[in-house]
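What follows is a short report on a single structure.
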There are 2 protein chains.
Amino acid sequence: MTTKDTIIKLASDLILEKGFNAFSFYDLSEKMGIKTASIHYHFPSKTDLGIAVIRQQSESFIALQAATESKDALSKLEAFFSIYIRHKSQGKVCLVGSLCTDLYSLDPAIEKELKPVVEGILQWVTDILKEGKRKGVFHFSAAPRTKALLLITNMLGILQVSRITGKTDFNEVRTALLKELKTKKE
Amino acid sequence: MTTKDTIIKLASDLILEKGFNAFSFYDLSEKMGIKTASIHYHFPSKTDLGIAVIRQQSESFIALQAATESKDALSKLEAFFSIYIRHKSQGKVCLVGSLCTDLYSLDPAIEKELKPVVEGILQWVTDILKEGKRKGVFHFSAAPRTKALLLITNMLGILQVSRITGKTDFNEVRTALLKELKTKKE
DNA sequence: TCTTGCCTATCTACTAGTAGGTAAGTATAT
DNA sequence: ATATACTTACCTACTAGTAGATAGGCAAGA
């Protein structure tokens, strides 16, 4: 892994663990054994680094999307959930949640970079739900996009709230969501 | 309103708007026309101020709970939602969401103060759901506490996500949640 | 009714530390 | 010899927090 990639990885970890405003170039420099000025060589500003983190996360989302393209709707949804499972196991929140709470304290370029990513994720989940409903494996009454918003906010929210209420609540919520989606109504 | 109360109010606003780590005593001092040292007189440390903000929010939660005690379950749930509606109208996120994303960068005293508040809210919503189900006005299959977690994370999450996807998504989600709860299944 | 003295709330002035960022120089590898 | 990746050394701005002074209000005692 190149230095640049290592910086992105560590910055990403810190953003998801402590928030964008709570990590510094010094934190990174200590962990990497290089000077803060060297990080500035790769990323002129903290905003640039933030943007790189968003892009990297976006790419890994798109890769997951591509990798599960030919699978069934349930597998796709489980793949989507797997991202949050991994985050939870490390005590992290998700990038969207972390950046959105700090959004109005950040450079507008961050918001600009984040927006298409969020819209992409929302579209992906919406499509998964539509497909699942069409094939009769998912059952829900709200509009697919609305239902996608509900699922996303549940996962995003429980990553945060379960830091307080306890880790087991994460699985409680995830399981309930899957069960509810699979249950036929009326 | 006393100076102390004004500080709490403004600090609260800033935390919900920009996050705990993005506001400073200087921000408050500028808005109030007093010096930072004067704020330190009322709140020795930033953590002390954070704790005061949590206590104030907790009290207003408890007051709302008390004020709606004799009402029906639907009214209670709408009262619960009204908190988020007010926050959304001001572009804010909720205190729990804001503090949880930054939690691991904050003084442990913050977590200690926040925990019973979150548990209180969760208990309140759980009780509302139980009552609604018993009286036949709410319909859901998950355990009441789990369903409460789902509702809370939906509201907490949509406050954050709709900063990016657009304000209207907040109402979309809120309306869908109420409709789904009121709809009888099977 | 003075006066003494404490309490509250603020100020000025300061500290030590950290933040993000820059400029100029160095070693290395192609 | 040029680009890459880094260093040293620095700057400016801001952070939370402290010390000591001040001015007004209140209350008890001579």
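A, B, ... follow the sequence lines: proteins, then strands. Residue 1 opens every chain. Values below: all heavy atoms of this structure, side chains included; hydrogens, waters and symmetry mates excluded.
- Look at B:Glu131 and B:Lys135 and you find a salt bridge, because one of the NZ, NE, NH1 or NH2 atoms lies within 4.0 Å of a carboxylate O, short of that distance.
- Mapping B:Thr3 and B:Thr36 onto DNA chain C via the closest heavy atom, the residue that lands nearer the 5' end is B:Thr3.
- The nearest whole Å value for the distance from the CG atom in B:Leu106 to the P atom in D:dA16 is 13 Å.
- Cation-pi check for B:Arg174 over B:Tyr84 is not met; the charged atom does not lie both under 6.0 angstrom from the ring centroid and within 45 degrees of its normal.
- One can place CZ of B:Phe25 at 21 Å from P of C:dT15, the figure rounded to the nearest angstrom.
- For the pair B:His40 NE2 and D:dT18 P, the computed distance is 7 Å after rounding to whole Å.
- One interatomic measurement links the two molecules: OH of B:Tyr41 to P of D:dA21, which rounds to 18 Å at whole-angstrom precision.
- Taking the charged nitrogens against the carboxylate oxygens, B:Asp72 and B:Lys76 have no contact shorter than 4.0 Å, which rules out a salt bridge.
- With salt bridges taken as basic N to acidic carboxylate O contacts below 4.0 Å, one links A:Asp169 and B:Arg145.
- Between B:Tyr26 atom OH and C:dC11 atom P there is a gap of 13 Å when expressed in whole angstrom units.
- Going from atom NZ of A:Lys4 over to atom P of D:dA3 covers 17 Å, rounded to whole Å.
- Taking side-chain N and O atoms only, A:Ser24 has no distance below 4.0 Å to OP1 or OP2 of C:dT18.
- Judged by the 6.0 Å distance and 45° axis criteria, B:Lys46 is positioned over the aromatic ring of B:Phe20.
- The phosphate of D:dT7 has OP1 or OP2 within less than 4.0 Å of a side-chain N or O from A:Ser38.
- Distance A:Ile34 CD1 to C:dA27 C1': 16 Å, rounded to the nearest Å.
- When the C1' atom of D:dA16 is taken as reference, atom CD1 of B:Ile7 falls 15 Å away, rounded to whole Å.
- The side chain of A:Lys35 sits closest to D:dT7 out of C:dC11, D:dT7, D:dA16.
- Within the 4.0 angstrom heavy-atom criterion, only backbone atoms of the sugar-phosphate kind lie near A:Phe23; the bases stay farther away.
- A:His42 has a side-chain polar atom (N or O) that falls below the 4.0 Å cut-off from OP1 or OP2 of D:dC6.
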